[in-house]
Protein chains: 4
Amino acid sequence: MARPRSEDKESAIMSAAVRVIATQGLGAATATIAKTAGVSNGSLFTYFVTKADLFNAVFVALKTELAAAVADGLSARVGFSSAWDVQKQMRFVFAHWLHWSASYPEKRRALAQLAVSDEITVASRLTARQAMEGIAAFLERCRAKGAMRDAPMVVVLTLVTAVMDAAVDLMISDPTQADQHCALACDAMWHMLM
Amino acid sequence: MARPRSEDKESAIMSAAVRVIATQGLGAATATIAKTAGVSNGSLFTYFVTKADLFNAVFVALKTELAAAVADGLSARVGFSSAWDVQKQMRFVFAHWLHWSASYPEKRRALAQLAVSDEITVASRLTARQAMEGIAAFLERCRAKGAMRDAPMVVVLTLVTAVMDAAVDLMISDPTQADQHCALACDAMWHMLM
Amino acid sequence: MARPRSEDKESAIMSAAVRVIATQGLGAATATIAKTAGVSNGSLFTYFVTKADLFNAVFVALKTELAAAVADGLSARVGFSSAWDVQKQMRFVFAHWLHWSASYPEKRRALAQLAVSDEITVASRLTARQAMEGIAAFLERCRAKGAMRDAPMVVVLTLVTAVMDAAVDLMISDPTQADQHCALACDAMWHMLM
Amino acid sequence: MARPRSEDKESAIMSAAVRVIATQGLGAATATIAKTAGVSNGSLFTYFVTKADLFNAVFVALKTELAAAVADGLSARVGFSSAWDVQKQMRFVFAHWLHWSASYPEKRRALAQLAVSDEITVASRLTARQAMEGIAAFLERCRAKGAMRDAPMVVVLTLVTAVMDAAVDLMISDPTQADQHCALACDAMWHMLM
DNA sequence: GATGAATGAGTATTCATTCAT
DNA sequence: AATGAATGAATACTCATTCAT
């Protein structure tokens with residue numbers, strides 16, 4: 001598993017991949033990605049044995065990054081307890097999530113493409129899901145007394161993620177209404193879980 | 001005077017495309033699609049000038065088909081009025097929608113790929129949206145007194161569609177729990193809109 | 001050898017071929033030629049079994065047409081005898097030839113392409129040469145007392161044709177100087193033969 | 001640091017192109033050219049971005065080579081001055097030109113095809129013309145006191161080239177008479193210019 | 001005979017991956 | 001390790017020709 005040095009190059013390639021995928025789709029040539037990263041096309045393959053490997057790595061990285069951002073919003077507010085506080089906290093977390101995602105439209109777009117690709121392995125998808133599980137505890141608390149209190153966590157997480165993704169798309173496609181869309185989505189989530 | 005164009009062939013190509021895209025993604029070769037359709041690769045191009053044209057046609061067709069199926073569930077129950085009836089009706093419609101989608105996993109998978117492709121034109125996306133217009137009216141009525149009563153319809157439709165898609169994914173990936181997932185999603189929708 | 005009727009269509013196809021070859025080169029599609037001729041692509045092949053056949057027919061026709069035009073200039077002035085008259089007559093014939101060719105740039109261009117094609121058979125080339133032999137007698141008289149009096153006729157004809165072709169190209173490429181070029185070429189021919 | 005581009009390969013491709021064009025015309029497949037050059041079809045495109053690029057390069061190279069050969073005959077005899085000497089020199093130069101061209105029938109044939117192609121850019125044609133500039137000066141001197149003393153140089157060069165080309169064709173098509181044809185053409189040129 | 005759909009071999013070009021330097 | 005040339009399979013699309021109507 002030991003990779004050649006230069007983490008710089010590795011991450012340069014990965015973020016180049018994000019940018020290129022965002023604009024050219026999954027059909028993007030590895031050579032294009034390499035050039036965008038300022039690296040020779042040969043080098044790309046010393047860091048990622050396969051184009052699919054690169055894509056999987058990018059997928060996992062983006063999902064992980066997103067999860068971290070969400071967790072970030074999470075850690076800022078812990079310890080509320082009353083119902084009203086829970087709602088406030090949820091809003092805060094979801095708003096953080098949404099705004100973070102909307103700030104990186106390229107990442108969002110790349111992720112959307114990668115998510116439906118069949119190059120992305122089940123393993124990658126599993127890893128991605130696990131990264132998101134950090135917020136499971138939070139959602140657990142949110143839904144504790146709500147309508148979805150007995151639903152399996154996977155289901156809750158899947159539905160929540162779907163709504164968030166859709167909301168981000170709306171925010172990106174019409175940035176002037178971003179705040180309204182954000183508020184609406186947070187409301188929707190609240191009602192869905194309660 | 002010459003051999004007329006065959007609608008059979010046209011639709012054979014389109015459904016072949018669905019099957020092939022579902023398994024091979026958008027990178028699927030036109031030759032593969034043609035062979036799957038039992039047609040020469042040259043013929044594919046007498047029916048669709050371009051691979052992108054074919055994909056757009058398939059996209060619109062699938063969306064339209066889905067819309068028709070939903071509308072089908074819609075027309076079955078018209079005329080309810082009390083709140084309880086509205087809920088019942090909505091459940092029915094959503095359940096219909098979900099089960100229909102879950103019954104055609106290939107169509108769903110193909111649609112998921114096509115939806116994020118940049119080969120799909122705005123015109124196609126518009127047409128698709130218009131096909132869904134029928135359900136918009138229904139949602140209008142559902143949300144009339146609910147929390148989202150003031151939200152723009154696009155937003156509502158986008159969120160609803162996202163939840164439906166996620167639910168179908170869940171149903172497909174774990175068919176034994178399909179009914180529970182369906183019920184859960186319907187509940188979620190209900191709460192989200194009310 | 002009996003061809004299907006409608007000489008109209010046959011010649012429509014041929015002149016369409018001239019136009020299309022002039023603009024698109026020999027790589028022009030038969031379908032394009034057919035459409036230009038206002039005929040179905042299938043029909044083209046009832047008149048010409050092969051694309052090469054069509055091209056050969058066009059080649060021969062153009063060469064023949066040119067020869068006829070030259071002969072036309074020829075017949076206008078027959079019977080001069082003194083040396084000075086011969087020169088005058090030659091100028092007249094060559095000028096006629098040049099102006100006729102320069103009036104049909106598409107034909108000239110198509111002919112230039114066809115002449116170097118390897119689709120054109122030796123038979124066609126022979127026929128073409130024979131068509132031009134009408135002026136052999138005339139050239140014979142021109143060169144009778146000149147420097148090329150002992151050269152084989154083929155050689156004379158080849159050189160003369162080459163100069164004429166080059167002159168026509170010059171005239172076409174710079175129409176404002178057409179008359180000067182014509183005069184120059186006639187002079188050149190006169191000197192070459194005397 | 002990587003394998004350097006090989007000039008060998010580049011010229012192998014170009015001369016393969018000459019051979020293949022000579023026998024198959026401009027419709028020759030790049031794959032055929034590559035195989036003839038002993039190179040993978042992919043490699044052809046690292047040396048020439050486009051088939052048209054390759055053809056332009058070949059065109060310019062052949063024209064340049066021809067010009068060099070002519071210049072070669074030119075430099076062998078410099079310094080003559082009397083009228084008789086000029087004639088002798090001109091004959092020598094033209095004979096050299098003709099024999100060189102006749103020795104490379106493939107190059108000649110390829111050049112004939114390329115010259116009428118519309119893939120050949122004006123830039124290429126200009127470069128080619130400039131390569132022939134050397135002989136222009138020589139012709140300038142030849143015609144100084146002759147009949148074409150006032151004609152534009154382009155015209156002179158065009159006519160001379162046309163006669164030379166025709167003569168070469170004659171020499172190639174009937175090699176046993178090559179010398180006579182050569183002598184005849186030289187005479188013709190002499191008379192045309194004087 | 002006319003039409004234009006059907007066919008499938010053929011084309012230029014691309015691209016993931018390998019390998020010489 | 002880094003580079004970028006080399007490779008050749010793969011791809012969308014074209015086109016001469018055939019054939020059903």
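When reading the values below, keep in mind they use all heavy atoms of this one structure, side chains included, and skip hydrogens, waters and symmetry mates. Values in this document were obtained by computation on a predicted structure and should not be read as measured data. Within every chain, numbering begins at 1; the chains are lettered A, B, ... in the order of the sequence lines, protein sequences first and strands thereafter.
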TODO: For A28(A), report the nucleic acid contact type (base, sugar-phosphate, nothing); a contact means any heavy atom under 4.0 Å.
DONE: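 The answer is sugar-phosphate, as A28(A) gets under 4.0 Å only of primed atoms, P, OP1 or OP2.
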- [ ] Just call it for F48(B): base, sugar-phosphate, or nothing, with non-hydrogen atoms closer than 4.0 Å on any strand.
- [x]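 Result for F48(B) = nothing.
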Please tell me if the side chains of [X] and [Y] come closer than 4.5 Å, counting only heavy atoms from C-beta onward.
{"X": "Y47(C)", "Y": "M14(C)", "value": "no"}
{"X": "L26(A)", "Y": "E119(A)", "value": "no"}
{"X": "T36(D)", "Y": "R19(D)", "value": "yes"}
{"X": "I21(D)", "Y": "F55(D)", "value": "yes"}

TODO: Could you walk me through whether T30(A) and L54(A) pass the side-chain contact (heavy atoms from CB on, under 4.5 Å) test, one step at a time?
DONE: CA-CA 9 Å; T30(A) 51; L54(A) 167 59; 5.6 Å; no
TODO: Heavy atoms only: give me the nearest A22(C)-E106(C) pair and the separation to one decimal.
DONE: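 That would be CB-O, 3.7 Å.
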Atom [atom1] of [X] to atom [atom2] of [N]: distance rounded to whole Å?
{"X": "R5(D)", "N": "dG4(F)", "atom1": "CZ", "atom2": "C1'", "result": "9 Å"}
{"X": "L26(C)", "N": "dT14(F)", "atom1": "CG", "atom2": "C1'", "result": "17 Å"}
{"X": "N41(B)", "N": "dC15(F)", "atom1": "CG", "atom2": "C1'", "result": "12 Å"}
{"X": "I33(B)", "N": "dT11(F)", "atom1": "CD1", "atom2": "P", "result": "11 Å"}
{"X": "E119(A)", "N": "dA16(E)", "atom1": "CD", "atom2": "P", "result": "10 Å"}
{"X": "F45(C)", "N": "dA5(E)", "atom1": "CZ", "atom2": "C1'", "result": "14 Å"}
{"X": "Y47(B)", "N": "dC13(F)", "atom1": "OH", "atom2": "P", "result": "18 Å"}
{"X": "R3(D)", "N": "dA20(E)", "atom1": "CZ", "atom2": "C1'", "result": "4 Å"}

- [ ] Return the nearest nucleotide to the side chain of S40(D); candidates are dT13(E), dT7(E), dG8(F).
- [x]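 In terms of side-chain proximity for S40(D), the closest of dT13(E), dT7(E), dG8(F) is dG8(F).
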TODO: Represent DNA chain F in dot-bracket notation, 5' to 3'. Only Watson-Crick or G-U wobble pairs with both distances under 3.5 Å count; pseudoknot-style crossings use [ ] and interstrand partners use |.
DONE: .||||||||||||||||||||
TODO: Return the 5'-most residue of the pair A31(D), P4(B) with respect to DNA chain E, ranking by each residue's nearest nucleotide.
DONE: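 Looking at the nearest nucleotide for each, P4(B) comes out on the 5' side.
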Open item on the list: Between D118(B) and R109(A), is the salt bridge (Lys or Arg N to Asp or Glu O under 4.0 Å) condition met? List the steps.
Closed with: CA-CA 11 Å; D118(B) 30 40; R109(A) 176 142 184 75; 3.4 Å; yes
Open item on the list: Which is more 5' along DNA chain F, the nucleotide nearest G42(D) or the one nearest V39(A)? Just name the residue.
Closed with: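 Its nearest nucleotide lies further toward 5', so the answer is V39(A).
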Open item on the list: Quick check on contacts: within residues 49-58 of chain B, what sits under 4.0 Å from DNA chain F by heavy-atom distance?
Closed with: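 Close to the strand are T50(B), K51(B).
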Open item on the list: The test is side-chain contact (heavy atoms from CB on, under 4.5 Å); show your working for E65(A) and K107(A) and say whether it passes.
Closed with: CA-CA 10 Å; E65(A) 206 179 325; K107(A) 292 180 178 176; 2.4 Å; yes
